[in-house]
A.B. asks: 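The structure that follows is given in the form of C-alpha cells.
Side chains are part of it too, since the values below use all heavy atoms of this structure and drop only hydrogens, waters and symmetry mates. Sequence lines set the chain letters: A, B, ... in the order given, protein chains first and strands last, and positions in each chain run from 1. This one's a predicted model, so the numbers in the text were calculated from it and none came from an experiment.
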2 protein chains.
Amino acid sequence: MRARPSADTELGLMACSAIFRPADLTFLLHAAVDRMTVDLDRAAVEMGLNDVRDWLVLAALDDGQQRTQLELSRIVCVDKTTLISVLDRLEQHKLIVRTVDPADRRVRIPQITPAGRRTYAKFATARDAAEARALDGVDPEQRTLLLNLLARIADRQNAAQPAT
Amino acid sequence: MRARPSADTELGLMACSAIFRPADLTFLLHAAVDRMTVDLDRAAVEMGLNDVRDWLVLAALDDGQQRTQLELSRIVCVDKTTLISVLDRLEQHKLIVRTVDPADRRVRIPQITPAGRRTYAKFATARDAAEARALDGVDPEQRTLLLNLLARIADRQNAAQPAT
DNA sequence: CTCGGATCGTCTTGACTCGGACGATCCGAG
DNA sequence: CTCGGATCGTCCGAGTCAAGACGATCCGAG
C-alpha cells in the first residue's frame, strides 16, 4: 500500500479548516480527495490490491482492448517505469498476464485474467458504495452540479501563461 | 519542487475521463486537485518557495501564535520528519527563525520573519487569483454550494467500520 | 534530590517515484 | 540484405517521504 500520512496527521487535516479561511477551494479539494482515498485504499487492501492505481490498471484492462504498456501508462496516468512494478505485482497475483504481441516482439500486451475481472468487479462495487456514502443525503441535482463543476475545474486549460 | 508526473502523463489524465465513466467522483476530485496544484506550484516557485507545503507552513505561522514543530506538523498535515526539511529550507531563506522555548528547552518555536510575511502575502494573492480563475464564470450561489459539498465530503467521519 | 517514563526535535533506514540510459526489436532507405 | 534511427520494456541513480530509533529535556512519584 502506498505510504500515507499517519492517523495523527490525517486527523489534523480537519484542524486546518479552523485555521485557514474555511472556504479555501484548494484546501477543501485536498481534504475531499484524502477522505475518498482513505476509503478506496481500505477497499483495495481488503481485496488484496495494493493501491487505487492497481484498480485503475485493472479498469483500463477490463474492456479487453489490446494495449501496450506505454499506452496503458498514459491512460492511467502512471509513469511507465512505475507501471512496471504495478504490473509485476498484478501478474504475481495472477490478475493479469503479459503476452507478447506476435506482430511486434518489442511490446507486451498486458491482459486481465478472469480472476482479475472478479477482483475488479468487487472493487468497483466498493468504490460505488464509497461514493454513495460520500454523497449521502445530497439530492441528485446537486450531485450533477458538483460533478460538472469539478469537471470544469479539471478541464481548464493550462493557459496561465508560463511565467514571463 | 516536489516531483510531479511529466507533461505526458499529465495530459493523459484527461484521457481517463473518456475511458472511465465520466461521472466518477474520485477521478474528478483527483483531476481537479492536480489542476489546482499545477497553478499553485508554479506560483510557489516563482516567489522562491519550493512547494505548496512551504506556503501552508507560512500560513500557519502568519497568525503569530507560538506553536511547537509538532503542533505545526499536525496543523499543516505534514509528517514531523518531513516538516524538518521544510523548516530548514525556510530558515535558510530567512523566511522563518527557530527560537527555543525558554520554558521548555526541548521544543522549538518556529516564527515567521517580516520577509516571510511578505512572501506569504504575495503567495496568497497568487492563490486567490488561481482560485478565481478556476471558478471563473461560476455564479456565487453555485460556488458556495460547491464548497459546502466538498466540505461535507471531507468532514465525513472515518466511520466506515475498520474491516470486520 | 533522584529516577523512570513521557515528550520534544532530529537522524537513520527502507520503500517508492521518476528522469535518463540501455538492450532488444522494428522499419525504411539504399 | 544491411544499416541507422525510432520505439518498446526494463534497469539504474538521485531525490523524496515517513516509520522507527535516538538523545535531550521535562515532570511527577517517592
Side-chain angles (χ1 to χ4, degrees), chain A residues 1-13 30 34 37-38 41 44-45 49-54 56-57 66-92 96-111, chain B residues 1-13 34 37 41 44-45 49-54 56-57 66-92 96-111:
Chain A
M1 155 113 96
R2 181 155 39 170
R4 292 191 49 72
S6 66
D8 265 1
T9 54
E10 198 79 51
L11 289 178
L13 238 180
H30 270 283
D34 270 25
T37 304
V38 168
D41 271 353
V45 299
L49 297 180
N50 238 26
D51 211 280
V52 184
R53 284 204 319 267
D54 286 16
L56 272 179
V57 171
Q66 311 257 328
R67 302 181 200 285
T68 72
Q69 293 188 191
L70 202 57
E71 288 166 353
L72 193 55
S73 80
R74 276 195 274 263
I75 288 171
V76 299
C77 313
V78 169
D79 189 84
K80 64 172 181 167
T81 58
T82 306
L83 179 63
I84 290 178
S85 58
V86 176
L87 291 178
D88 284 347
R89 182 173 49 243
L90 292 177
E91 192 169 29
Q92 199 172 354
I96 66 154
V97 289
R98 266 188 262 218
T99 63
V100 205
D101 183 352
D104 182 346
R105 293 204 319 248
R106 287 173 304 177
V107 310
R108 304 296 145 87
I109 310 287
Q111 283 184 309
Chain B
M1 158 120 88
R2 181 156 38 169
R4 292 190 50 70
S6 65
D8 265 0
T9 55
E10 197 80 52
L11 290 179
L13 239 180
D34 269 25
T37 304
D41 271 353
V45 301
L49 297 180
N50 238 28
D51 212 281
V52 183
R53 284 203 319 269
D54 285 15
L56 273 179
V57 171
Q66 310 257 327
R67 302 181 200 286
T68 72
Q69 293 187 190
L70 202 58
E71 289 166 350
L72 192 55
S73 79
R74 274 196 276 264
I75 288 172
V76 300
C77 312
V78 168
D79 188 84
K80 65 173 180 166
T81 57
T82 306
L83 179 64
I84 290 178
S85 58
V86 175
L87 291 178
D88 283 348
R89 183 173 48 244
L90 292 177
E91 192 169 28
Q92 200 172 353
I96 67 153
V97 288
R98 266 188 262 219
T99 62
V100 202
D101 183 353
D104 183 347
R105 292 205 317 248
R106 287 173 304 175
V107 310
R108 305 295 147 86
I109 310 287
Q111 284 184 308

A.B. asks: Would you tabulate the pairs of protein nitrogen or oxygen atoms and nucleotide nitrogen or oxygen atoms of nucleotides 24-26 of chain D closer than 3.5 angstrom?
C.D. replies:
unit_1 : atom_1 : unit_2   : atom_2 : d
D:dC26 : OP1    : B:Arg105 : N      : 2.8

A.B. asks: Write down the partner of D:dC17 under the Watson-Crick or G-U wobble criteria, each distance required to be under 3.5 Å.
C.D. replies: C:dG14
A.B. asks: When the distance from CZ of B:Arg74 to P of D:dA18 is rounded to whole Å, what number comes out?
C.D. replies: 15 Å
A.B. asks: Is any side-chain heavy atom of B:Lys80 closer than 4.5 Å to a side-chain heavy atom of B:Arg74?
C.D. replies: no
A.B. asks: Between P on C:dG19 and CG on A:Leu70, what's the gap in Å once rounded to a whole number?
C.D. replies: 13 Å
A.B. asks: Is any side-chain heavy atom of B:Arg53 closer than 4.5 Å to a side-chain heavy atom of B:Val76?
C.D. replies: no
A.B. asks: Might you point out which heavy atoms bring A:Pro110 and A:Ile96 nearest each other, and give the distance in Å?
C.D. replies: CB-CD1, 4.4 Å
A.B. asks: A:Asp79 CG to C:dA21 P: how many Å, rounded?
C.D. replies: 15 Å
A.B. asks: So, for A:Gln66 and A:Ile109, which heavy atoms are closest and what is the spacing to 0.1 Å?
C.D. replies: OE1-CG2, 3.5 Å
A.B. asks: B:Asp51 has an atom CG; how far is it from atom C1' of D:dT16, in whole Å?
C.D. replies: 11 Å
A.B. asks: I need the minimum non-hydrogen distance between B:Ile84 and B:Arg98, along with the two atoms involved.
C.D. replies: O-NH2, 4.1 Å
A.B. asks: Expressed as a whole number of angstroms, how long is the span from B:Leu83:CG to C:dG9:P?
C.D. replies: 9 Å
A.B. asks: On DNA chain C, compare the nucleotides closest to A:Arg89 and B:Val107; which residue's is nearer the 5' end?
C.D. replies: B:Val107
A.B. asks: Is the closest side-chain heavy-atom distance between B:Val57 and B:Leu90 below 4.5 Å?
C.D. replies: yes
A.B. asks: Expressed as a whole number of angstroms, how long is the span from A:Asp88:CG to C:dT17:C1'?
C.D. replies: 15 Å
A.B. asks: Taking only N and O in the side chain of B:Arg98, is any of them less than 4.0 Å away from OP1 or OP2 of C:dT10?
C.D. replies: yes
A.B. asks: Do A:Leu83 and A:Leu72 come within less than 4.5 Å of each other through their side chains, counting heavy atoms only?
C.D. replies: yes
A.B. asks: Let me know the distance between CD of B:Glu71 and P of C:dC8, rounded to the nearest Å.
C.D. replies: 8 Å
A.B. asks: Side chain of B:Thr81, heavy atoms from C-beta onward: which of C:dC11, D:dG9, D:dA21 has the nearest atom to it?
C.D. replies: C:dC11
A.B. asks: How many whole angstroms separate atom CG of B:Leu87 from atom C1' of D:dC17?
C.D. replies: 16 Å
A.B. asks: Does B:Thr68 place a side-chain N or O at less than 4.0 Å from the phosphate oxygens OP1/OP2 of C:dC8?
C.D. replies: no
A.B. asks: Return the nucleotide paired to C:dC27: Watson-Crick means purine N1 to pyrimidine N3 with N6-O4 or O6-N4, wobble means G-U with N1-O2 and O6-N3, both under 3.5 Å.
C.D. replies: D:dG4
A.B. asks: If you check the A:Gln69 side chain, which of D:dC17, D:dG9, C:dG9 turns out closest?
C.D. replies: D:dG9
A.B. asks: Would you say C:dT17 has OP1 or OP2 under 4.0 Å from some side-chain N or O of A:Arg53?
C.D. replies: yes
